[in-house]
Every structure is written in structure tokens, then in C-alpha cells.
Amino acid sequence: AFLAKKREYDHKSSVVSLSSEHRGLVKHTGGCHCGAVRFEVWASPDLHVFNCNCSICTKKQNRHFIVPASRFKLLQGADNLTTYTFNTHRAQHTFCKTCGVQSFYTPRSNPDGYGIAPHCLDDGTVQTVITEDINGKEWEKAVKEHKTIRDMSKP
């Protein structure tokens, strides 16, 4: 069973895109702790965040929302990223070589998109966060039964 929790955030003014590709989305910016890695991502100001209980997400407390690759742009730090993979090697767990923070990664469920850590976004563009628990301990079953996760990386 999936559980939903809602948490309100202070919302400062943000730029909402009117282009057809990004209509209704907000440009969020963020990065790692030391600032070597910086990115921008177009997503809703109301985030749907996954809280997975698989082995790596549990150890890293990897909560993330998923976006299509076309809505993500690495602004700096490509040379400061390193990647960890295991098992199927489909998930690409990228993190900063300096501070060790994973601000984004390529999830196994959506290898054509990115999983973004909401806690690595700069303040001011997030209105609400809804967190959905997903049973990553039974990954194949959970992803098969989930009605929308695979579509989250589609433009």
C-alpha cells in the first residue's frame, strides 16, 4: 500500500513558465552541499516525492521526485560527479566527489529521466510536497503495480 503525506512549505514568488513545453511548471535550482554541482529543473511547485525503502534509498535516505531528462539541466560540476551502480546497473547514483551529496540521479524505474532530491533545491519555489512510500524491497512488483511512476519521465 502507498501512503501519502502532505507538508506545506513557505512559497515565495517564482517564475512560472508559459512556454508550451513547460506550461504551469516552475524553474527550480539546486545543487550539492559544497556548491560544486548546480542544476536547474522544470517541475511543478507541488512536488510528488517518492520515499523508497530499497537497500540504497534506505541507507541514503534518498527521497526524490522524477522529471523527464528534457526538463533537467546540469549547470556546473559535471567533472565533479562520480557514479555508483549495483545489481542491474540501470540506476546511476551520481554524487559530488567533494561533499558526497546526491542531489539528483538516474532512477532504475525511469532511466530516461532524473530523480531529484527535493531537499537539494534552493528555497523559494516549492509550494507543497506530497510524499508517497514505495516498496523498493519488492521493486519489480511495486513498479509493475504503480499506475504512474513510469510515465513521470515522459515529457
Side-chain angles (χ1 to χ4, degrees), residues 2-5 9 14-32 36-97 100-122 125-155:
F2 300 110
L3 305 173
K5 301 172 196 161
Y9 280 81
S14 59
V15 177
V16 177
S17 175
L18 300 176
S19 73
S20 61
E21 182 183 359
H22 296 133
R23 183 167 284 122
L25 304 178
V26 172
K27 181 170 74 171
H28 303 280
T29 57
C32 66
V37 176
R38 297 289 299 161
F39 64 86
E40 68 181 34
V41 59
W42 287 91
S44 172
D46 303 302
L47 301 178
H48 183 132
V49 173
F50 289 101
N51 182 32
C52 179
N53 68 352
C54 77
S55 62
I56 193 158
C57 288
T58 297
K59 295 271 186 186
K60 294 191 312 175
Q61 294 295 290
N62 179 29
R63 291 170 188 87
H64 59 279
F65 62 97
I66 298 171
V67 298
S70 63
R71 294 187 188 151
F72 176 86
K73 181 178 181 184
L74 183 62
L75 300 174
Q76 69 182 47
D79 58 338
N80 213 53
L81 289 171
T82 193
T83 303
Y84 172 70
T85 67
F86 67 101
N87 194 12
T88 66
H89 302 285
R90 289 196 66 185
Q92 302 291 307
H93 298 275
T94 51
F95 59 95
C96 175
K97 291 178 188 177
V101 169
Q102 175 183 285
S103 51
F104 66 91
Y105 81 114
T106 304
R108 179 178 171 193
S109 63
N110 298 76
D112 57 341
Y114 288 96
I116 311 297
H119 49 274
C120 289
L121 296 178
D122 299 332
T125 54
V126 176
Q127 278 187 317
T128 62
V129 174
I130 295 173
T131 302
E132 179 181 356
D133 291 337
I134 190 161
N135 186 7
K137 289 181 180 178
E138 298 178 89
W139 191 89
E140 288 81 4
K141 180 182 178 195
V143 171
K144 183 179 180 183
E145 290 177 356
H146 199 281
K147 303 296 183 213
T148 59
I149 195 167
R150 296 250 190 214
D151 295 330
M152 292 180 164
S153 57
K154 306 295 183 251

Original post:
Do Cys120 and Val101 come within less than 4.5 Å of each other through their side chains, counting heavy atoms only?
Top reply: yes
Subject >> Centroid-centroid under 6.0 Å between His93 and Phe104 rings >> reply: no
Subject >> Polar side-chain atom of Arg150 near backbone of Ser109 as donor-acceptor pair, under 3.5 Å >> reply: yes
**OP:** For residues His64 and Ile66, report the shortest heavy-atom separation together with the two atoms involved.
**Re:** CD2-CG1, 4.0 Å
**OP:** State, yes or no, whether a side-chain contact exists between Phe39 and Ile116 at a heavy-atom distance under 4.5 Å.
**Re:** yes
Subject >> From CG (Asn62) to SG (Cys54), nearest 0.5 Å >> reply: 7.5 Å
Subject >> Gap separating the SG atom of Cys32 from the CG atom of Asn80, nearest 0.5 angstrom >> reply: 7.0 Å
**OP:** Work out which heavy atom in Ser44 is nearest to a heavy atom in Leu47; give both atom names and the distance.
**Re:** O-CD2, 3.2 Å
**OP:** Drop me the distance from Lys137's NZ to Cys52's SG, to the nearest 0.5 angstrom.
**Re:** 10.0 Å
Subject >> Pairwise distance CD(Gln92) to OH(Tyr105) - rounded to 0.5 angstrom >> reply: 11.5 Å
Subject >> Plane angle bin for Phe86 and Tyr84 - parallel if under 30°, tilted between 30 and 60°, otherwise perpendicular >> reply: parallel
Original post:
Quick one: salt bridge (charged side-chain N to carboxylate O under 4.0 Å, His left out) partners of Asp151, sequence neighbours excluded?
Top reply: none
**OP:** Could you tell me which residues satisfy side chain to side chain contact (heavy atoms under 4.5 Å, CB included) with Asn87, sequence neighbours excluded, listed by chain and number?
**Re:** Arg108
Original post:
Do His28 and Thr125 come within less than 4.5 Å of each other through their side chains, counting heavy atoms only?
Top reply: yes
Subject >> Over all atoms of both residues, closest heavy-atom pair of Lys27 and Glu40 >> reply: CD-OE1, 3.6 Å
**OP:** Taking the side chain as every heavy atom from C-beta outward, state whether Val67 and Met152 have any atom pair closer than 4.5 Å.
**Re:** no
Subject >> Interatomic spacing from CD in Gln102 to OG1 in Thr82 - rounded to 0.5 Å >> reply: 12.0 Å
Original post:
Would you say Thr58's side chain and Asn53's backbone share a donor-acceptor pair under 3.5 angstrom?
Top reply: yes
Subject >> Closest non-hydrogen atom pair between Ser103 and Val37, with its separation >> reply: OG-CG1, 4.2 Å
**OP:** Would you mind reporting whether Leu121 and His119 have side-chain heavy atoms less than 4.5 Å apart?
**Re:** no
Original post:
Ignoring hydrogens and geometry, is there a side-chain-to-backbone donor-acceptor pair from Asn51 to Thr131 under 3.5 Å?
Top reply: no
Subject >> Lys/Arg-Asp/Glu bridge criterion (N-O < 4.0 Å) met for Arg38, Asp122 >> reply: yes
Original post:
Rounded to the nearest 0.5 Å, how far apart are OG1 of Thr29 and CG of Leu75?
Top reply: 8.0 Å
Original post:
What pairs with Asp46 under salt bridge (charged side-chain N to carboxylate O under 4.0 Å, His left out), at least two apart in sequence or on another chain?
Top reply: none
**OP:** Indicate whether the side chain of His146 and that of Glu132 have a donor and an acceptor atom separated by less than 3.5 Å.
**Re:** yes
Subject >> More than 12 heavy atoms of other groups within 6.0 Å of Lys154 NZ >> reply: yes
Subject >> Glu138: partners by side chain to side chain contact (heavy atoms under 4.5 Å, CB included), with sequence neighbours left out >> reply: Asn135, Lys141
Original post:
What are the two closest non-hydrogen atoms of Leu74 and Phe72, and how far apart are they?
Top reply: N-CE2, 3.7 Å
Subject >> salt bridge (charged side-chain N to carboxylate O under 4.0 Å, His left out) against Arg90, all qualifying residues, sequence neighbours excluded >> reply: none
Subject >> By ring pair (Phe, Tyr, Trp, His ring centres under 6.0 Å) - contacts of Phe65 (at least two apart) >> reply: none
Original post:
Do any N or O atoms from the side chain of Asp112 and from the backbone of Ala69 form a donor-acceptor pair under 3.5 angstrom?
Top reply: no
Original post:
Do Asp79 and Lys97 sit within salt-bridge range, that is, some charged N less than 4.0 Å from a carboxylate O?
Top reply: no
Original post:
What are the two closest non-hydrogen atoms of Asn110 and Ile149, and how far apart are they?
Top reply: ND2-O, 2.9 Å
